[in-house]
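What follows is a short report on a single structure.
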Amino acid sequence: MGNSALKAHLETAQKTGVFQLTGKGLTEFPEDLQKLTSNLRTIDLSNNKIDLLPPLIGKFSFLKSLVLNNNRLTALPEELCKLKKLETLHLNGNHLRQLPAAFGQLSALKTLSLSGNQLQTVPPQLCGLHHLDVVDLSKNQIQNVPDTVGELQAIELNLNQNQISQISVQISHCPRLKVLRLEENCLELSMLPQSILSDSQISLLAVEGNLFEIKKLRELEGYDKYMERFTATKKKFA
């Protein structure tokens with residue numbers, strides 16, 4: 001892509017606060033963007049070949065939305081965690097194995113999408129994020145859901161298409177969790193904590209494609225209580 005084209009994009013971004021450059025074969029984060037650190041609210045560089053997010057990302061202090069789907073990122077810089085206004089972070093289809101240690105400092109984060117990466121666990125850093133609504137960790141390599149998950153503040157947690165065979169009973173304690181997606185994992189029915197049904201806030205539990213028949217779920221103690229929540233929620237949205 002020529003400099004003049006990039007310049008035109010930068011000029012537009014200066015006016016709109018949005019920089020969007022997708023599917024252009026970019027191999028690195030455009031350095032020229034740092035001229036707009038106080039302008040930009042949205043950066044979308046999806047469907048490129050970027051393998052590194054530079055530390056200068058931490059300078060975009062007004063950024064609300066960062067979208068880097070389908071790139072080649074293997075790690076994220078600690079500086080990303082300085083983005084105190086960031087509400088939406090989409091990093092689907094990269095090669096991420098973990099999140100920066102200070103990730104819990106992204107205090108405004110509401111939506112986090114990490115589908116199609118190489119995560120092997122639910123990152124404990126997510127538990128410090130108090131405004132988190134939706135977390136998508138589908139299509140990773142997660143094998144178990146640890147005790148720390150009980151502190152997760154999310155309303156929806158998507159763990160579809162992982163390799164999960166164990167789930168901590170603490171998941172029932174998530175204060176705001178209403179939707180839990182566990183489709184296409186490696187769960188035996190005995191490994192599904194019964195308290196999810198009998199004693200949690202969860203009103204939509206999606207477990208198709210595991211190692212048990214769905215009708216067996218209906219025989220579990222607590223299923224009636226779950227159905228009450230499910231029906232009440234359905235009515236609310238009807």
All heavy atoms of N144 vs all of P146, minimum pair found to be O-CD, 3.7 Å
Only counting residues at least two apart or in another chain, list the ones meeting side-chain hydrogen bond (donor to acceptor under 3.5 Å, both in side chains) with E87.
none
Rounded to the nearest 0.5 Å, how far does CD of Q166 lie from CD of E188?
11.0 Å
Rounded at 0.5 Å granularity, tell me how far CD in E151 sits from CG in L126.
11.5 Å
Is there side-chain contact between L192 and L182, with heavy atoms separated by less than 4.5 Å?
yes
So, the side chain of Q194 versus the backbone of L220: is there a donor-acceptor pair under 3.5 Å, distance only?
no
State which residues pass salt bridge (Lys or Arg N to Asp or Glu O under 4.0 Å) with E156; sequence neighbours excluded, sorted by chain then number.
R181
In the structure I gave you, are the side-chain heavy atoms of H95 and R72 within less than 4.5 Å of one another anywhere?
yes
So which atom in R176 and which in H131 form the shortest heavy-atom distance, rounded to 0.1 Å?
NH1-C, 4.3 Å
CA sep, side-chain torsions, deciding dist, call: L40, L33, side-chain contact (heavy atoms from CB on, under 4.5 Å)
CA-CA 9 Å; L40 290 183; L33 279 187; 4.0 Å; yes
Determine which pairs satisfy ring-ring contact (aromatic ring centres under 6.0 Å, His included) with at least one residue from residues 188-223, sequence neighbours left out, and list them in order.
Y223-Y226
L137 and V135 have their tightest heavy-atom pair at CG-CG1, 3.8 Å
Under 4.5 Å between side-chain heavy atoms, counting indirect links through other Ile/Leu/Val/Met/Phe/Trp/Tyr residues: same cluster for L152 and I155 or not?
no
Counting distance only, does the side-chain N/O of N117 pair as donor-acceptor with the main-chain N or O of L119 below 3.5 Å?
no
Candidate list V145, L157, V207, test side chain to side chain contact (heavy atoms under 4.5 Å, CB included), partner L180, passing option:
L157
Determine yes or no for a side-chain-to-main-chain donor-acceptor pair under 3.5 angstrom, with N162 supplying the side chain and N185 the backbone.
no
Any donor-acceptor pair under 3.5 Å from N140 side chain to Q118 backbone:
yes
From CA spacing to verdict: side-chain contact (heavy atoms from CB on, under 4.5 Å), T88, T42:
CA-CA 9 Å; T88 305; T42 299; over 6 Å; no
I need the L189 CG to I214 CD1 distance, nearest 0.5 Å.
9.0 Å
Shortest non-hydrogen separation from P175 to G150 and the atoms involved
CD-O, 4.0 Å
In this structure, would V18 and L83 fall into the same cluster of hydrophobic residues linked by side-chain contacts under 4.5 Å?
no
If you measure from CD on Q170 to OG on S172, what distance do you get to the nearest 0.5 Å?
8.0 Å
Would you say the side chain of L177 lies within less than 4.5 Å of the side chain of V149, judging by non-hydrogen atoms?
no
So does I202 get a backbone contact from the side chain of R229, meaning a donor-acceptor N/O pair under 3.5 Å?
yes
Where the side chain of N39 meets the backbone of Q14, is there a donor-acceptor pair that is under 3.5 Å apart?
yes
For the NZ atom on K85, are there more than 12 heavy atoms of other groups (residues, nucleotides or ligands in this structure) within a distance under 6.0 Å?
no
L89/L80 under side-chain contact (heavy atoms from CB on, under 4.5 Å): CA gap, chis, key distance, verdict
CA-CA 11 Å; L89 181 59; L80 176 70; 4.3 Å; yes
Do I167 and L217 belong together in a cluster built from hydrophobic side chains that touch within less than 4.5 Å?
yes
I'd like to know whether CD of E221 has more than 12 heavy-atom contacts from other residues, nucleotides or ligands below 6.0 angstrom.
no
Calculate, to the nearest 0.5 Å, the distance between atoms CD and CD belonging to E208 and E183 respectively.
4.5 Å
Sub-4.5 Å side-chain heavy-atom contact between Q120 and Q143
no
Would you call D199 and K225 a salt bridge, using N to O less than 4.0 angstrom?
no
Taking Q125 for the side chain and P100 for the main chain, is one N or O donor matched with an acceptor at less than 3.5 Å?
yes
Return all side-chain donor-acceptor pairs below 3.5 angstrom for residues 101-114, not counting sequence neighbours, or 'none' if the list is empty.
| from | atom 1 | to | atom 2 | distance (Å) |
| --- | --- | --- | --- | --- |
| S113 | OG | N92 | OD1 | 3.1 |
| S113 | OG | N92 | ND2 | 3.4 |

Work out which heavy atom in C186 is nearest to a heavy atom in N210; give both atom names and the distance.
N-OD1, 3.4 Å
Group every Ile, Leu, Val, Met, Phe, Trp and Tyr by side-chain heavy-atom contacts under 4.5 Å, then state whether I171 and F230 land in the same group.
yes
Can you find a pair of side-chain heavy atoms, one from L197 and one from L205, that are under 4.5 Å apart?
yes
To the nearest 0.5 Å, what is the distance between CG (N160) and NZ (K139)?
9.0 Å
Can you list, pair by pair, the side-chain donor-acceptor contacts under 3.5 Å of residues 43-66, counting residues two or more places apart and other chains?
| from | atom 1 | to | atom 2 | distance (Å) |
| --- | --- | --- | --- | --- |
| D44 | OD1 | S46 | N | 3.0 |
| D44 | OD1 | S46 | OG | 2.8 |
| D44 | OD2 | Q20 | NE2 | 3.2 |
| S46 | OG | N69 | N | 3.3 |
| N47 | OD1 | N70 | ND2 | 2.9 |
| N48 | OD1 | K24 | N | 2.9 |
| N48 | OD1 | G25 | N | 3.0 |
| N48 | OD1 | L26 | N | 3.0 |
| N48 | ND2 | L21 | O | 3.0 |
| N48 | ND2 | L45 | O | 3.1 |
| N48 | ND2 | S46 | O | 3.1 |

A side-chain contact here means heavy atoms from C-beta on lying under 4.5 Å apart; do L159 and V122 qualify?
yes
Residues that D32 engages under side chain to side chain contact (heavy atoms under 4.5 Å, CB included), provided they are two or more places apart
L6, L10, K35
Could you see if V134 belongs to whatever hydrophobic cluster contains L129? Use Ile, Leu, Val, Met, Phe, Trp, Tyr and a side-chain cutoff under 4.5 Å.
no
Count the heavy atoms of every other residue, nucleotide or ligand shown that sit under 6.0 Å from CD of Q98, and state whether that count exceeds 12.
no
